[in-house]
Amino acid sequence: MTHRSNVVVVDPQPLLRHGVASALAATRLFNVVGQGATEEDAVSLASRFTPELIVMDIGPSDSGLEFVEQVVAASPATRTMLLTYNDDRERVENAFHVGVSGYLLKNVEVSELCQAA
């Protein structure tokens, strides 16, 4: 039996959040253990479930990166993948500086998301 990675999906848009969770679960590579709408949810779910991966969006400002730092502190073994619309180079660099494991744009295919995860 293949190991399924536990994953949490956090996005403020319910349809997108549920769609990403369903797409990941359908691959049978991931077990979605939690979903949330806010950056605060990401920190709480990381503490509660200690997933192997959190796929999350952050708000339009860099203040959301503070929550990434909190996720990393709450669950150091959890990898954090940002899935966002913002492709600003400085923001991408800042994200990796605070501990993000991956950074993808929301126009990515499910197969690319799975491969990056």
Side-chain angles (χ1 to χ4, degrees):
M1 181 173 191
T2 304
H3 171 73
R4 294 176 65 167
S5 297
N6 288 335
V7 64
V8 166
V9 178
V10 178
D11 194 285
Q13 300 172 15
L15 183 60
L16 185 73
R17 179 177 61 248
H18 295 299
V20 169
S22 294
L24 289 174
T27 68
R28 300 195 182 271
L29 299 172
F30 301 95
N31 181 36
V32 179
V33 295
Q35 294 184 42
T38 66
E39 294 151 341
E40 292 88 351
D41 290 342
V43 176
S44 175
L45 291 165
S47 297
R48 182 174 173 198
F49 294 111
T50 60
E52 292 161 290
L53 176 67
I54 291 183
V55 177
M56 65 181 284
D57 190 8
I58 56 174
S61 72
D62 278 343
S63 65
L65 293 176
E66 295 171 19
F67 288 97
V68 173
E69 291 177 302
Q70 292 176 28
V71 166
V72 171
S75 183
T78 298
R79 293 175 291 120
T80 304
M81 173 80 61
L82 294 186
L83 187 60
T84 183
Y85 291 115
N86 191 328
D87 64 352
D88 177 71
R89 181 178 176 89
E90 185 176 340
R91 189 164 202 222
V92 173
E93 290 172 1
N94 290 341
F96 281 106
H97 180 72
V98 299
V100 167
S101 302
Y103 195 108
L104 295 172
L105 297 179
K106 287 186 174 179
N107 64 354
V108 69
E109 293 289 336
V110 173
S111 61
E112 294 172 277
L113 174 60
C114 292
Q115 187 176 29

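On a predicted model such as this, the values are computed, not experimentally measured, just so you know. We use all heavy atoms of the structure for the numbers below, so side chains are in, but hydrogens, waters and symmetry mates are not.
The shortest heavy-atom contact between Pro14 and Pro12 is CD-O, 3.3 Å. Counting all heavy atoms, side chain and backbone alike, Val8 lies closest to Pro51 at CG2-CG, 3.7 Å. The shortest heavy-atom contact between Phe30 and Val7 is CB-CG1, 3.8 Å. When all heavy atoms of Ser75 and Ala46 are compared, the pair lying nearest together is CB-O, 3.6 Å.
A continuous path of Ile, Leu, Val, Met, Phe, Trp and Tyr side chains, each step under 4.5 Å between heavy atoms, connects Val68 with Phe49, placing both in one hydrophobic cluster. Hydrophobic clustering (side-chain heavy atoms under 4.5 Å, transitive across Ile, Leu, Val, Met, Phe, Trp, Tyr) groups Leu24 together with Leu53. Both Val33 and Val10 are members of a single hydrophobic cluster when ILVMFWY side chains are connected at heavy-atom separations under 4.5 Å. When hydrophobic clusters are built by joining Ile, Leu, Val, Met, Phe, Trp and Tyr residues whose side-chain heavy atoms come closer than 4.5 Å, directly or via intermediates, Leu45 is grouped together with Ile54. Linking ILVMFWY side-chain heavy atoms closer than 4.5 Å, directly or via other members, places Val100 and Met56 in a single hydrophobic cluster.
In this structure, Asn94 contributes its side chain and Arg91 its backbone to no donor-acceptor pair below 3.5 Å.
For His18, the side chain to side chain donor-acceptor pair (under 3.5 Å) partners are Gln35, not counting sequence neighbours.
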Next item on the list: Go through the steps for Asn86 and Tyr103 under the test side chain to side chain contact (heavy atoms under 4.5 Å, CB included), then give the verdict.
Entry: CA-CA 10 Å; Asn86 191 328; Tyr103 195 108; 4.0 Å; yes
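Residues Phe67 and Val43 have side chains in contact (heavy-atom distance under 4.5 Å, counting atoms from C-beta outward).
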Cut-off 3.5 Å, no hydrogens considered: what does the side-chain donor-acceptor table look like for residues 104-117, sequence neighbours left out?
{"residue": "Lys106", "atom": "NZ", "partner": "Asp11", "partner atom": "OD2", "Å": "2.7"}
{"residue": "Lys106", "atom": "NZ", "partner": "Asp57", "partner atom": "OD2", "Å": "2.8"}
{"residue": "Glu112", "atom": "OE1", "partner": "Glu109", "partner atom": "N", "Å": "3.0"}

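We find the OG-CG distance between Ser5 and Leu29 to be 7.5 Å, quoted to the nearest 0.5 Å.
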